[in-house]
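Below is one structure, written out as structure tokens; the observations come after it.
Chain letters run A, B, ... following the sequence lines, proteins first and then strands; every chain starts at 1.
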2 protein chains.
Amino acid sequence: MANSDPVYLRVVEDLRRQITEGLLQPGAPIPSRHQITRKYGVGETAARHALRVLAQEGLIIGRVGSGHRVRQRPDLLPLHRAQAHFSTDMHAVGRRPTCDVKTDSAEARPDIAVRLRIAAQSPVTRTRIVYRSDGKPVQLAVSYEPIVYNDGTDDITQVAHRLGGNGLKLTEVTEHVYARVPQPVESDVLDLPAGVHVLHVERTHWAGDKPVETSDVIIPCDQFRLVYTLPAPYGEQTSR
Amino acid sequence: MANSDPVYLRVVEDLRRQITEGLLQPGAPIPSRHQITRKYGVGETAARHALRVLAQEGLIIGRVGSGHRVRQRPDLLPLHRAQAHFSTDMHAVGRRPTCDVKTDSAEARPDIAVRLRIAAQSPVTRTRIVYRSDGKPVQLAVSYEPIVYNDGTDDITQVAHRLGGNGLKLTEVTEHVYARVPQPVESDVLDLPAGVHVLHVERTHWAGDKPVETSDVIIPCDQFRLVYTLPAPYGEQTSR
DNA sequence: AGAGTAAAGTTGGAATCACAACTGATGGCC
DNA sequence: GGCCATCAGTTGTGATTCCAACTTTACTCT
């Protein structure tokens, strides 16, 4: 089998095997386009295609003039979403966390309105946060609150405290997690290499059955993993 | 600006805009390679590259002989990980869930041994599960338990019940979530289009401070989103 | 010896041509 | 009318060639 597979796949699979098996350590140089054409007896197109696929998969990284190398794959840093303590998580691994915060007013987009259970185009307070680790931007968040909850004075990053101080008792948080291709502005701000996906977390804080704040958190897949701690399911477990 | 940008990006951005703005509805045909070369005044290489990028982003899908079309993007189905009721989630959206289960014994890989806090190469019970929705495989899971917990008789999919019946009281579940490129075998089994990433959930069930079962769950990013419901953080919230 | 320069090699982008496999539609034939 | 073969169009893959921008190395000149 696999005899009639595209030629470039032969190259991809051989190099991928060498990388995942550790024959090629992180930092090791990958054969150049010309070397691949000679070693594997394929054309330049196939060699280039193979390198692009491997780069897309995050296994190698190319620099103009210098060549491709096996990518350093530092362990994905854990982000503990149950607590959502970005600074705690960063301190735990010896990074210096900072963040930029910008707040303004806007009209709720349709999807945000649905999440907040308000009418579309209702006024909301929008907060954009860029989280940095040792100066490098590593996470984006855009938070929306119905404007009635925001008194405009407290630390905007302290949702729980501020809303709590306003007499709202936050009861739970729901997070919807999926991965997608970054939008151009996101690749730009986070300085993402081509092919890296982002985790998109839609987080909503609830006070009883009322949503009081919702946010979109964008996290590069190649640097972080989300960690959830949940009570064990028991009792009413049904068949799956 | 953007004048010296690669030509193919001009095409990508124009088509992407048309799709995201709704000018091109799902199912609508995308100009073919030759049409793009004429309409945008670019070469075949640029046209091909643009189509490949858009396909990679999941915005369009191409079929040999028939052309590219704007991808149907059904809402991502929610998977409620807190309960991990695959069948409940599927029934809720009118799908018929089934699954294949295969169990055998194996030696713990190093990473699995760490997660289970046992010695590497200790014997474990390995369970592979392929979840299907309306017959199509949509999710993979491989579960590992130290062999001592497995009496080999109960329904293997009922981790909580079975382990509970063995006198172990499960207290919590931790899940590590990240996205990555699927391995060849995963693309194969799940029949993933090129470019689609998967969510990888490393789930561990705990009885007190002892891990009693750990599993790797592989979920296609283009079909599902994970939904977590957590108690609201309060009290000891520190600055972020 | 040190600094600056030149050369060789590499990636990313691009044009052009070619071919196999496939789809959809057309038109002819029974 | 119904069936089948043909044909144009399309994608995916591939070869070849070229060029700009960049990095690294080696060399030359002061």
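In this structure, NE2 of H49(A) is placed 17 Å from C1' of dT11(C), rounded to the nearest angstrom. Rounded to whole Å, the distance from NE2 on H68(A) to P on dG9(C) is 18 Å. The CG-P distance, from L51(A) to dG13(C), rounds to 13 Å in whole Å. In this structure, the CD atom of E44(A) is 18 Å from the P atom of dT16(C), given to the nearest Å. What separates CD1 of I61(A) from P of dT11(C) is a distance of 13 Å, to the nearest Å.
Every residue two or more places apart in sequence or in another chain was checked for a side chain to side chain donor-acceptor pair (under 3.5 Å) with S215(A), and none qualifies. In terms of the side chain to side chain contact (heavy atoms under 4.5 Å, CB included) criterion, V114(B) has no residue partners (sequence neighbours excluded). Qualifying side chain to side chain donor-acceptor pair (under 3.5 Å) partners for R16(B), counting only residues two or more places apart in sequence or in other chains: E57(B). Residues passing the side chain to side chain donor-acceptor pair (under 3.5 Å) test with Q18(A), sequence neighbours excluded: D14(A). For E107(B), the side chain to side chain donor-acceptor pair (under 3.5 Å) test picks out no residue, with sequence neighbours left out.
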Kindly give the atom pairs (protein nitrogen or oxygen, nucleotide nitrogen or oxygen) under 3.5 Å for nucleotides 23-25 of chain C.
unit_1	atom_1	unit_2	atom_2	d
dT23(C)	O4'	G65(B)	O	3.4
dG24(C)	OP1	R63(B)	NH2	3.4

List, with names and distances, any nitrogen or oxygen atoms from the protein found under 3.5 Å away from nitrogen or oxygen atoms belonging to nucleotides 5-7 of chain C.
none

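Sorted by first and then second residue, the salt bridge (charged side-chain N to carboxylate O under 4.0 Å, His left out) pairs involving residues 21-42 of chain A (not counting sequence neighbours) are R17(A)-E21(A), R33(A)-E44(A). For residues 61-70 of chain B, there are no salt bridge (charged side-chain N to carboxylate O under 4.0 Å, His left out) pairs, not counting sequence neighbours. Sorted by first and then second residue, the pairs that involve residues 41-71 of chain A and meet ring pair (Phe, Tyr, Trp, His ring centres under 6.0 Å), not counting sequence neighbours, are Y8(A)-H49(A).
Sorted by residue number, the members of residues 25-43 of chain B with any non-hydrogen atom under 4.0 Å from DNA chain D read S32(B), R33(B).
When all heavy atoms are compared, the tightest approach of Y178(B) to F224(A) is CB-O, 4.1 Å.
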Audit row: E186(B), R180(B), salt bridge (charged side-chain N to carboxylate O under 4.0 Å, His left out) steps and yes/no | CA-CA 11 Å; E186(B) 293 163 350; R180(B) 59 171 174 76; 3.0 Å; yes
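Nearer to the 5' terminus of DNA chain C, by closest-nucleotide assignment, is the contact made by G62(A) (compared with the other of T45(A) and G62(A)). Where G67(B) and A47(A) meet DNA chain D, the nucleotide closest to each residue was compared, and G67(B) sits on the side nearer the 5' end.
Rounded to the nearest 0.5 Å, atoms CD1 (I129(B)) and NZ (K102(B)) are 12.0 Å apart. With rounding to the nearest 0.5 Å, the separation of CG in L226(B) from CD in E175(A) is 11.0 Å.
Between R132(A) and D100(A) there is a salt bridge, since a side-chain N of the basic residue sits under 4.0 Å from a carboxylate O of the acidic one.
Protein chain A touches strand DNA chain D; the 5'-most and 3'-most nucleotides with an atom under 4.0 angstrom of its non-hydrogen atoms are dT13(D) to dT24(D).
Close to dG13(C), at under 4.0 Å from its OP1 or OP2, lies a side-chain N or O of Y8(B).
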